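Please read the structure below before turning to the comments.
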Amino acid sequence: MYFYGAANFKGVRIGAVLISESGQHYPTSAKIRIPCNNNMAEYEACIIGIRMAVDMNVKEFLVTWDSDLLINQVQGEWSTKNVKILPYLHCVKEQCKKFTKIEFKNVPSIQNKFFDSLEALSSMIQHPYKNYIDPIEVEIRDQHAYFFHVDEEADGKPWYHDIRKFLATREYPKNATNSQKQTLRRLENHLFP
């Protein structure tokens with residue numbers, strides 16, 4: 001997991017990205033509407049990511065970040081007397097008990113550039129409090145966007161068979177849902193002359 005937290009004049013934004021062993025990314029983000037400094041924002045982000053991993057029943061977990069402070073405090077190498085940070089530290093340690101193996105690793109900030117850019121983007125976006133915004137999805141594509149592939153139907157007939165049959169007989173395919181029926185009616189004027 002990578003996480004990010006940013007506190008600036010526009011507010012506090014946090015996020016985390018869980019990456020599975022197969023390379024699947026699971027991002028989450030939130031806007032914090034309570035007063036936070038950057039250290040608190042980092043802990044908030046770490047906790048949101050850890051809780052997401054717990055909800056996904058992850059058992060072995062690697063947490064990486066370029067913050068010496070948070071990583072070393074969680075590992076017990078550094079202590080803190082900051083009354084604002086102590087509850088966060090306690091919460092992270094309690095959440096860690098839910099894993100069979102959890103490791104915190106400090107990475108150089110150069111390796112964290114992708115997530116730093118998410119942090120910057122997250123801190124600049126102004127959005128209404130009541131609306132939910134899907135996380136940004138970044139894809140790597142191996143083909144052009146205009147490439148359209150239709151798999152062969154299981155019955156061996158072309159993909160347009162049901163549409164053409166509907167046009168000829170005005171009978172819907174077996175097990176067609178109301179939505180599929182509506183789509184067939186909409187397509188009848190546009191597909192075949």
Side-chain angles (χ1 to χ4, degrees), residues 1-140:
M1 172 186 80
Y2 290 90
F3 59 94
Y4 56 92
N8 60 27
F9 69 96
K10 291 186 178 182
V12 180
R13 272 63 166 200
I14 63 169
V17 179
L18 273 62
I19 304 171
S20 70
E21 289 180 339
S22 65
Q24 180 70 36
H25 287 58
Y26 301 94
T28 186
S29 63
K31 180 175 181 177
I32 306 294
R33 295 194 293 179
I34 56 173
C36 280
N37 61 34
N38 273 325
N39 292 337
M40 294 164 66
E42 287 181 5
Y43 269 100
E44 289 275 355
C46 183
I47 291 168
I48 197 174
I50 290 174
R51 286 184 175 157
M52 188 166 68
V54 168
D55 290 344
M56 295 172 71
N57 293 318
V58 172
K59 296 301 176 200
E60 294 186 4
F61 198 45
L62 173 63
V63 179
T64 58
W65 183 235
D66 60 4
S67 166
D68 285 332
L69 180 73
L70 186 144
I71 299 295
N72 288 318
Q73 285 177 344
V74 171
Q75 291 178 332
E77 295 173 14
W78 294 357
S79 63
T80 183
K81 295 179 183 175
N82 186 331
V83 294
K84 292 181 178 179
I85 298 297
L86 282 172
Y88 287 111
L89 182 59
H90 176 72
C91 180
V92 169
K93 288 184 176 185
E94 285 299 310
Q95 293 293 318
C96 289
K97 294 176 183 177
K98 298 178 181 178
F99 299 95
T100 55
K101 180 182 177 185
I102 186 166
E103 182 182 347
F104 287 81
K105 184 177 177 183
N106 193 323
V107 296
S109 59
I110 193 71
Q111 292 179 10
N112 213 17
K113 288 300 178 196
F114 175 71
F115 302 99
D116 287 344
S117 62
L118 284 178
E119 174 185 347
L121 178 63
S122 157
S123 69
M124 291 185 289
I125 295 174
Q126 294 291 330
H127 54 81
Y129 293 115
K130 295 180 182 178
N131 292 345
Y132 174 78
I133 299 175
D134 286 327
I136 296 171
E137 185 174 313
V138 178
E139 295 180 9
I140 298 173

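No experiment lies behind these values; they were computed from the predicted model shown. When a residue number appears, it is its place in the shown sequence, counting from 1.
- Heavy-atom minimum distance, Gly5 versus Asn38: O-OD1, 4.3 Å.
- For the atom pair CG (Asn72) and OG1 (Thr80), the distance works out to 12.5 Å, reported to the nearest 0.5 Å.
- Nearest heavy-atom pair, Pro35 versus Met40, reported as atom, atom and distance to 0.1 Å: O-CE, 3.6 Å.
- Take Glu94 and apply the side chain to side chain donor-acceptor pair (under 3.5 Å) test, not counting sequence neighbours, and it matches Lys97.
- Applying the side chain to side chain donor-acceptor pair (under 3.5 Å) criterion to Asn37, with sequence neighbours excluded, gives no partner residue.
- Of all heavy-atom pairs spanning Tyr4 and Thr28, the tightest one is OH-O, 4.1 Å.
- Judged purely by distance below 3.5 Å, without hydrogens or angles, the side chains of Gln73 and Tyr88 never pair a donor atom with an acceptor atom.
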Residue pair Ile34, Glu44: steps toward the side-chain contact (heavy atoms from CB on, under 4.5 Å) verdict
CA-CA 11 Å; Ile34 56 173; Glu44 289 275 355; 4.1 Å; yes
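- For the atom pair Leu18 CG and Gln24 CD, the distance stands at 11.0 Å (nearest 0.5 Å).
- Atoms SG and CG, on Cys46 and Leu89 in that order, are 10.0 Å from each other to the nearest 0.5 Å.
- Nearest heavy-atom pair, Val92 versus Ile47, reported as atom, atom and distance to 0.1 Å: CG2-CG1, 3.5 Å.
- Residues Leu69 and Tyr43 form no side-chain contact, since every pair of their non-hydrogen atoms from C-beta on lies 4.5 Å or further apart.
- When all heavy atoms are compared, the tightest approach of Ala45 to Gly15 is CB-O, 3.6 Å.
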Are Val63 and Glu103 close enough, and set up right, to give a side-chain contact (heavy atoms from CB on, under 4.5 Å), and what steps lead you there?
CA-CA 6 Å; Val63 179; Glu103 182 182 347; over 6 Å; no
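- Among all heavy-atom pairs drawn from Gly49 and Phe61, the shortest one is O-CZ, 4.2 Å.
- Thr64 places a side-chain N or O within 3.5 Å of a backbone atom of Met1 that can act as its donor or acceptor partner.
- Distance alone, capped at 3.5 Å, is enough to place a donor-acceptor pair between the Gln75 side chain and the Phe104 backbone.
- Within the structure, no pair that satisfies the salt bridge (charged side-chain N to carboxylate O under 4.0 Å, His left out) test touches residues 77-87, not counting sequence neighbours.
- Ser79 contributes atom OG, which lies 9.0 Å from atom CG of Leu86 (distance to the nearest 0.5 angstrom).
- Residues Ile48 and Phe3 form no side-chain contact, since every pair of their non-hydrogen atoms from C-beta on lies 4.5 Å or further apart.
- Between Glu60 and Ile102 the shortest side-chain heavy-atom distance does not fall below 4.5 Å.
- We find the CE-OH distance between Met52 and Tyr26 to be 9.5 Å, quoted to the nearest 0.5 Å.
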